[in-house]
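Structure record follows, encoded as structure tokens.
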Amino acid sequence: MKVLVPVKRVVDANVKVRVNAEQSAVDTANLKMAINPFCEIAVEEAVRLKEAGKASEVVVVSIGVKNAQEQLRTAMALGADRGILVETDQELSPLSVAKVLKAINDKEQADLVILGKQSIDGDNNQTGQMLAALSGMPQATFASVVELEDGALTVTREVDAGSQTIKMNLPAVVTADLRLNEPRYASLPNIMKAKRKPLETMALADLELPLKEHQKVLAVKAPSERQAGIMVETVAELVDKLRNEAKV
Ligand code: AMP
């Protein structure tokens, strides 16, 4: 059974980001980049399926700039077998990413595609759902437990009211939520081994997909600064401020 895991290169979650001077995007120049944390969870789940003897191959794919190779190598150091980079300098919308992933999966014919539930830069939470719809595959989003038995997948999903468990046939799409697992750290020997694993690179144009610009970013703004708090002397003063200034 083959598992395909799309991984996105994003600014490291621990880095404080700033909006560029044109207010058109986050300034990523010289920032530490990493695998999107939810994609890391997806890689971990795929690798665990392989270690449990339920998957035979884990393939990671990234659509992005040349340096996204770094994130594919990291995913391979975590246990993925090979990587595919679809190289482009364009920032694609989730629908275009889903179309590219469908084209890759039409070739790869994975039994299971595990994505992150969301990329932490765009906060889109769309790609897995769109990939499933475009490919006519069943989907289980926000997965917190994935079990594979006799060619069928049982997935527990995190929903508002608690959890929901569903069963689906393969091939299927799953999106990983935070509680699915705790990703491992890559060991030094595995980082070295990952350098020799196969990494195929292709240009986005080579896929000859009729991609459209589905959306346009009009402006990006930093959140407004919080005003400094003040200390009050008495409870009466606090109640007065709550009533007359905060209008509680
Ligand atoms: P999003 O819909 O942008 O929140 O992303 C959800 C998931 O789709 C991510 O966690 C990745 O698994 C996948 N994904 C999104 N963008 C890319 C990309 N450029 N390359 C590979 N996978 C991606």
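Numbering of ligands and ligand atoms starts at 1, following listing order. Any value given below was found using the heavy atoms of this structure, including those in side chains, with hydrogens, waters and symmetry copies removed.
Other cluster members for Leu204: Leu4, Val59, Val61, Ile63, Ile84, Val86, Leu92, Val97, Val100, Leu101, Ile104, Val113, Leu115, Leu131, Met137, Val173, Met202, Leu207, Leu209, Leu211, joined by side-chain heavy-atom distances under 4.5 Å among Ile, Leu, Val, Met, Phe, Trp and Tyr. When hydrophobic side chains of Ile, Leu, Val, Met, Phe, Trp and Tyr are connected at separations under 4.5 Å, Val159 ends up as a singleton with no cluster partners.
With hydrogens and angles left out, the side-chain atoms of Asn181 and Glu45 include a donor and acceptor closer than 3.5 Å.
Between Asp12 and Met33 the shortest side-chain heavy-atom distance does not fall below 4.5 Å. Looking only at side-chain heavy atoms (C-beta outward), Glu108 and Lys2 come within less than 4.5 Å of each other.
Residue-level contacts of ligand 1 at the 4.0 Å heavy-atom threshold are Pro6, Val7, Lys8, Asn36, Cys39, Val61, Ser62, Ile63, Val97, Leu115, Gly116, Gln118, Ser119, Asn124, Asn125, Gln126, Thr127.
Take Asp121 and apply the side-chain contact (heavy atoms from CB on, under 4.5 Å) test, not counting sequence neighbours, and it matches Lys8, Val10, Ser119.
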